[in-house]
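A short worksheet on the structure shown next.
Because the structure is a prediction, the values reported are computed rather than measured. Counting convention: from 1, in listed order, for ligands and their atoms alike.
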Amino acid sequence: LKSGHVPVTPPATSPACQHRLWSEIESVVKQQVAWARTGIGECGVGWQLFAEDGEMRMYRREEEVDGMAVDPLKAVHTVPGITGHEVCHYFFGPQYRYDWETTLEQMTVLETISEDTLVFLQTHKRIWPASQRDVLFWSHMRKLPNESDRDGPDLWTVVNNSTHHPDYPPNVGKCVRIYLKVCLLCQTRVDPPKDGAPLTRDNISCKITYCSVVNPGGWAPASVLRAVYKREYPKFLKRFTAYVVNQTKNKPIMF
Ligand code: 18C
């Protein structure tokens, strides 16, 4: 993405704009999309490549808060045959989550703010000897108009951000609450057939950027956490994108 071509404050057209969380959703989405659009070499911070597989590259920065690793992650990937709208649709939709999220134990939708904005409570598999983790977050999916090419496909994003819920306070049961900020940003590329033939999935690809910061919320040795990151993030992005390719291969293209 070239800087300056996409508005970082798209028009607030979602019905969720009536909700108490709306101003936070607006500001976090704006900030996270701008951050996802900043290239690896552009921001003056030292990213370290830690995983590479075909088109996929994963970078992290080692950061600690109170001795706990909270390493920011940035991953980029290009996947043929799918659109940004499709990638965001399967990442956002609760009905698909158990299909691709391998660390998930249980997922509940606590609140439906609107069709593009949900509040989730999830428990994840335990890593011995640490305590099991849970996470409570709002999730918002949004189309960002393609300002650089008005006839080109729109960009799509899903932003997940930790929040509170009075009925589900943190750290009361067996789980330690983790805190996260996640942004998935997707740009569809179209390479139209030269002979004017109809567009097929062979003519499209999706550039995916995935950024996350996860605070483990309680004691977890940095070396174990970093080993978990290194194993789980590449596994997630490869498995999830293969899932989207598989789900969409015989369906009409959803731009
Ligand atoms: O973004 C992703 N998924 C979204 C939809 O679910 C959403 C949620 C993310 C939750 C991420 C936190 C997962 C904690 C998992 C605990 C580890 C389980 C390992 C089980 C091994 C059998 O945004 C995709 C998320 C991809 C997740 C990659 C793993 C991230 C690891 C984070 C570690 C957190 C601390 C765990 C404490 C462990 C102590 C050693």
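Residue, atom and distance of the protein heavy atom nearest to atom 27 (C) of ligand 1 are Tyr233 CE2, 4.2 Å. Looking at atom 34 (C) of ligand 1, its nearest protein heavy atom turns out to be Val214 CG1, 3.9 Å. Among all non-hydrogen protein atoms, the one lying nearest atom 40 (C) of ligand 1 is Val224 CG1, 3.6 Å. Among protein heavy atoms, the minimum distance from atom 17 (C) of ligand 1 is reached at Ile127 CD1, 3.6 Å. The single protein non-hydrogen atom nearest to atom 32 (C) of ligand 1 is Tyr229 CE1, 3.8 Å, given as residue, atom name and distance.
In this structure, Arg61 forms a cation-pi arrangement with Trp47, its terminal cationic atom sitting closer than 6.0 Å to the ring centre and no more than 45° off the ring axis.
Taking the six-membered ring for Trp and thresholds of 30 and 60 degrees, Tyr179 and His164 have ring planes inclined between 30 and 60 degrees apart.
Remark: among candidates Thr102, Val70, Asn160, the nearest residue to atom 23 (O) of ligand 1 is Asn160, based on non-hydrogen atoms. The closest non-hydrogen atom to atom 31 (C) of ligand 1, taken over Val228, Val176, Val159, comes from Val228. Around atom 25 (C) of ligand 1, the closest heavy atom drawn from Phe92, Phe91, Phe240, Tyr210 belongs to Tyr210.
Looking at Arg97 against ligand 1, only its side chain comes within 4.0 Å, counting heavy atoms. Neither the backbone nor the side chain of Met107 comes within 4.0 Å of ligand 1, counting heavy atoms alone. Within the 4.0 Å heavy-atom criterion, neither part of Leu104 lies near ligand 1. With a 4.0 Å cut-off on non-hydrogen atoms, Ile178 touches ligand 1 through its side chain and not its backbone.
When each atom of ligand 1 is checked for a heavy atom of Glu232 under 4.0 Å away, the hits are 21 (C), 28 (C), 29 (C). Atoms of ligand 1 lying under 4.0 Å from any heavy atom of Leu225, numbered from 1 in the order shown and given with element: 33 (C), 35 (C). Near Phe236, meaning under 4.0 Å from one of its heavy atoms, ligand 1 places the atoms 24 (C), 26 (C). For ligand 1, the atoms sitting less than 4.0 Å from at least one non-hydrogen atom of Leu180 are 8 (C), 9 (C), 10 (C), numbered in the order shown with element in parentheses. Listed by number with element, the atoms of ligand 1 under 4.0 angstrom from any heavy atom of Arg133 are 37 (C). Taking every heavy atom of Glu101 and a limit of under 4.0 angstrom, the matching atoms of ligand 1 come to 2 (C), 3 (N), 4 (C), 5 (C), 6 (O), 24 (C), 25 (C). Close contacts between ligand 1 and Ala220 involve ligand atoms 39 (C) [criterion: under 4.0 Å to a heavy atom]. Counting atoms of ligand 1 from 1 in the listed order, those under 4.0 Å from a heavy atom of Thr103 are 15 (C), 18 (C), 19 (C).
Where the criterion is an N or O separation shorter than 3.5 Å, residue side chain and backbone included, His124 fails it with respect to ligand 1. Where the criterion is an N or O separation shorter than 3.5 Å, residue side chain and backbone included, Lys125 fails it with respect to ligand 1.
The pair Lys125-Glu105 fails the salt-bridge criterion, with no side-chain N (NZ, NE, NH1 or NH2) lying under 4.0 Å from an Asp/Glu carboxylate O. The existence of a salt bridge linking Glu111 and Arg20 is confirmed by a sub-4.0 Å separation between a basic side-chain nitrogen and an acidic carboxylate oxygen.
Under the 4.5 Å side-chain criterion, counting only non-hydrogen atoms from C-beta, His77 is not in contact with Asp53. The side-chain heavy atoms of Val119 and Tyr168, taken from C-beta on, include no pair separated by under 4.5 Å. Two residues are said to be in side-chain contact when any heavy atoms from C-beta on lie closer than 4.5 Å; Glu86 and Lys251 fail this criterion.
The cluster map of Ile, Leu, Val, Met, Phe, Trp and Tyr, joined by side-chain heavy atoms under 4.5 Å apart, puts Ile25 and Leu185 in the same cluster.
Aromatic rings of Trp138 and His165 (six-membered ring for Trp) have centroids beyond the 6.0 Å cut-off, not under it.
Paired with Thr103 under the rule side-chain hydrogen bond (donor to acceptor under 3.5 Å, both in side chains), one option of Lys235, His124, Arg126, Arg133 passes, and it is His124. The residue from Tyr96, Trp100, Trp156, Tyr243 that alone fulfils the ring pair (Phe, Tyr, Trp, His ring centres under 6.0 Å) condition with Phe91 is Trp100. No option in Trp35, Phe236, Phe240 other than Phe236 meets the ring pair (Phe, Tyr, Trp, His ring centres under 6.0 Å) test with Tyr210.
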Inset, instruction - Given ring pair (Phe, Tyr, Trp, His ring centres under 6.0 Å), test Tyr233 with Phe50 step by step and report yes or no. - result: CA-CA 10 Å; Tyr233 278 118; Phe50 75 93; 7.3 Å; no
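Judged by the shortest distance from any of its heavy atoms, Arg231 lies inside the 4.0 Å radius around the atoms of ligand 1.
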